[in-house]
Amino acid sequence: FEHSDLNYFHLLKKHRFFYRLIIDNKEYPVAEGRSAKEARQNAARLTWSALKEQTDWDSKVSVRSTLSEDGAPPSSSSSTPQESHEASSQRTSVSTSCSIQFTDTSNPSRAQMPLGSENGAPSRLSTSLKSLESSQSMSSGTSGSEIFTDSSNSSNDQHAVKKKTSAPSRFTSDFDHIEYLGFGGYGSVYKARRKLEEKYYAVKIVSSDEKAFREVGTLSDLLHHNVIRYFNCWIEDTSYEDGISAGSSAGSSAGGYSDAQSTDDPSVKFLYIQMELCKMKTLKEWIDEKNTQSPQDTKRRQESLSIAQQIVSGVEYIHSRGHIHRDLKPDNILFGLDDKEVKIGDFGLVTTDDDALIDRTENRGTESYMAPEQVGKTYNRKVDIFALGLIYLELLWKVSSGHERGEVLTNARRQILPTDFSRAFQVENLIIKKMLHEKPEVRPEASDLKEQLDKLAQAENESQKRATV
Ligand SMILES: Nc1ncnc2c1ncn2[C@@H]1O[C@H](COP(=O)(O)OP(=O)(O)OP(=O)(O)O)[C@@H](O)[C@H]1O
C-alpha cells in the first residue's frame, strides 16, 4: 500500500463512533465504527465473541436475548438485521435471560469532527482519496462513482468524499455462487466462485480501516501451506448482504447485492479480502468432536502431534517474516479443503516483531489464550508460543465439559497441568510447561519447538514400527 493511502486511513480513524454492550452489569469490549450503526454491529460481534469464550467456560450464561439499543427494553423489532441474525444464529443453550444495553462511549467532540479538518491536512486527504480511487478503478475496472473534490478550497474538503451512485459491485460481477460462511469480530466471510477461473475462494468483507489494512498487509507478505493464502483485495462503497446475513433488511434480497450495509457516512468503505477457501471446520470443532469421543486414545495423540507440528511450522514462518499473530486460538485455525493440512487464519491482530520488547497496544488477543505479559504493553513474539502451549494441551487432553476445560486452562496458565496428563504425556508435559513459562525468554522459539516436535514424531513412529513388528 502507498503511504498516502495509509495517511488517508489514519485521518479517517479520527472520525469514529464507539459502543459497548453491558449485559447484566458486565461491560464487554468497546467497539468502534465509522458510523453509529457500524459501531453497534461491531459491539454485538465483539460481545458475541466474548460470550462464546465465556459460555465455553461457564454454560450458565445466556446469550439468546434480543439485542436492544440505548437501553431500550429488548424487543425483536429494535434489533438491526445484522444483530438479529447474530442473536438468532447463536448456538449456545439458554438458561437465564439477561438485559443487554448498548452504551455510546463516543467522545462527541471527536465523533463530530469534520473529516480531514485536523492538522491542516485536508488537501492530503483529498490527494490520498483520489489516489486511492484511481488505483481502485485501475485494479477493478469498475468505478461508477464520482469524486467531488476541490483541493484548492480546504473548507470544501470535508465534502471531499465520494458521492455514492449505484456503482457496480466487483464482488457480484466477478463472483457467483456466493454463500454466507460466518462472521467474526470485524466482518463477514463468504464462499464465492470467481467466474474467470471457476474456482472457489473465501471473501472476507470488513470495514476498511487501519486494522483491515494491517491484516491484508501481513497476509500479502505470507506464503506458507500452514497459513491461509491471500490472493487479492479491493475496496467497495458497500458491503454485501445476502438473504441470510441481512435478515429482513429492507431493500435486500436473497443472494442479491444491496447497499443496506452502507452507512450514512459516504466515507465509510469496505475492504474485500479474497483468500484461500478452507473447510468450514475450525480446530475448535475438531477438539470438541474429540472430547465427545471416549476414551483418550492413541490416535488423538498422533493426530494432535501432527496438527501441533503444522501450527508450529506456520508460526515459525510468521515469526521469520517479522510478525506476531497475537490471537492464536483453535477458532482461528482452519482445515484445508483436502482435510490434510491446518491453516492459521485471522490476522486481524497481527503486529510486527522487532526482536526487542517494545511498547505495544495493551490487551490485544483472546483473553483465555493470552500470555500473561500481553495484558501490559511490553511483549514480543513469545506471546504466540504461550497460546500455542494452551492449544497443544487442548489438542491432547480430553475434557468432558466447558467447566472442566475452564479449570484445565486456568491452571495451565500457571503451569499446573492435570496430574494424569503429566503421567500419560511425559514428554509433551515438559514441552508444554516450557511453552507456558511465565518468563517469555524461557519459552522456546518456534524453530526450537518445531525441532522438538519433529523429534517426538520420529520417536513415536519408531516405537509404533517396533510395536507392529
Ligand atoms: N478462508 C476461509 N475459509 C473458510 N471459512 C472461513 C475462512 N476464513 C474465515 N472463515 C469462517 O468465517 C467465519 C468468520 O471468520 P473471521 O476470521 O472473520 O472471524 P473469527 O475468527 O470467527 O472471529 P474474530 O475475527 O472475532 O477472531 C468463521 O466461522 C470462520 O471459520
Side-chain angles (χ1 to χ4, degrees), residues 21 28-33 41-56 82 85-86 89-92 175 177-194 199-209 211-212 214-216 218-220 222-233 239-240 242 244-245 270-288 314 325-339 341-350 363-370 387 391:
L21 264 163
Y28 285 84
V30 175
E32 53 182 310
Q41 287 179 342
N42 288 340
R45 288 190 177 112
L46 284 182
T47 303
W48 169 233
S49 294
L51 281 171
K52 266 201 300 186
E53 278 289 310
Q54 198 177 319
T55 46
D56 275 344
Q82 183 69 23
H85 162 65
E86 284 154 13
S89 67
Q90 291 159 358
R91 286 163 288 178
T92 316
F175 293 83
H177 294 92
I178 299 170
E179 269 176 53
Y180 177 73
L181 290 181
F183 68 88
Y186 300 94
S188 300
V189 181
Y190 293 86
K191 172 184 173 181
R193 190 182 72 153
R194 206 169 108 90
K199 242 187 104 179
Y200 282 91
Y201 294 92
V203 179
K204 186 168 179 173
I205 307 172
V206 293
S207 72
S208 173
D209 58 12
K211 179 189 169 294
R214 190 170 51 223
E215 181 165 0
V216 286
T218 305
L219 274 175
S220 63
L222 303 175
L223 185 60
H224 188 276
H225 52 107
N226 297 121
V227 173
I228 290 181
R229 188 171 164 194
Y230 160 88
F231 287 93
N232 197 2
C233 76
S239 181
Y240 176 83
D242 62 5
I244 307 163
S245 61
F270 294 87
L271 186 65
Y272 286 64
I273 309 171
Q274 183 189 341
M275 301 175 288
E276 165 185 10
L277 178 69
C278 293
K279 275 201 144 180
M280 268 308 285
K281 181 179 172 183
T282 66
L283 198 55
K284 170 100 179 83
E285 277 141 11
W286 186 91
I287 293 169
D288 289 346
H325 187 285
R326 291 202 291 186
D327 198 18
L328 289 173
K329 56 179 176 180
D331 277 312
N332 287 342
I333 296 165
L334 302 181
F335 284 85
L337 282 183
D338 62 2
D339 217 7
E341 285 177 322
V342 293
K343 312 216 172 223
I344 301 170
D346 203 349
F347 284 75
L349 293 187
V350 76
N363 215 359
R364 293 283 180 107
T366 302
E367 214 176 328
S368 43
Y369 294 88
M370 244 164 53
I391 296 171

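The structure presented is a predicted model; accordingly, all values stated were derived computationally and were not measured. Numbering of ligands and ligand atoms starts at 1, following listing order. By convention here, the first residue in the shown sequence is residue 1.
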4.5 Å side-chain heavy-atom contact, [X] and [Y]:
X	Y	result
D338	K279	no
L277	L181	yes
F231	R194	no
P330	W286	no

So if I count the atoms of ligand 1 from 1 in the order they appear, which ones are less than 4.0 Å from some heavy atom of T282? 31 (O)
State the atoms of ligand 1, each with its element, that fall below the 4.0 Å cut-off from a heavy-atom position in A202. 1 (N), 2 (C), 3 (N)
Which one of [options] has a non-hydrogen atom at the shortest distance from [atom]?
atom	options	answer
atom 6 (C) of ligand 1	L334, L337, I273	L334
atom 15 (O) of ligand 1	D331, V189, L181, I333	V189
atom 1 (N) of ligand 1	K281, M275, E285, E276	E276

Does K329 come within less than 4.0 Å of ligand 1, judged by its heavy atoms? yes
N/O of K204 under 3.5 Å from N/O of ligand 1, yes or no? yes
Are any of the N/O atoms in D346 less than 3.5 Å from those in ligand 1? yes
Has K281 got its NZ or CZ under 6.0 Å from the middle of the six-membered ring of F335, at an angle within 45 degrees of the ring axis? yes
Rounded distance (nearest 0.5 Å) linking atom CG of D346 with atom CD1 of I344: 11.5 Å
Distance, nearest 0.5 Å, that separates CD of E179 from OH of Y200: 7.0 Å
Region of C278 that comes within reach of ligand 1 [heavy atoms, distance under 4.0 Å]: both
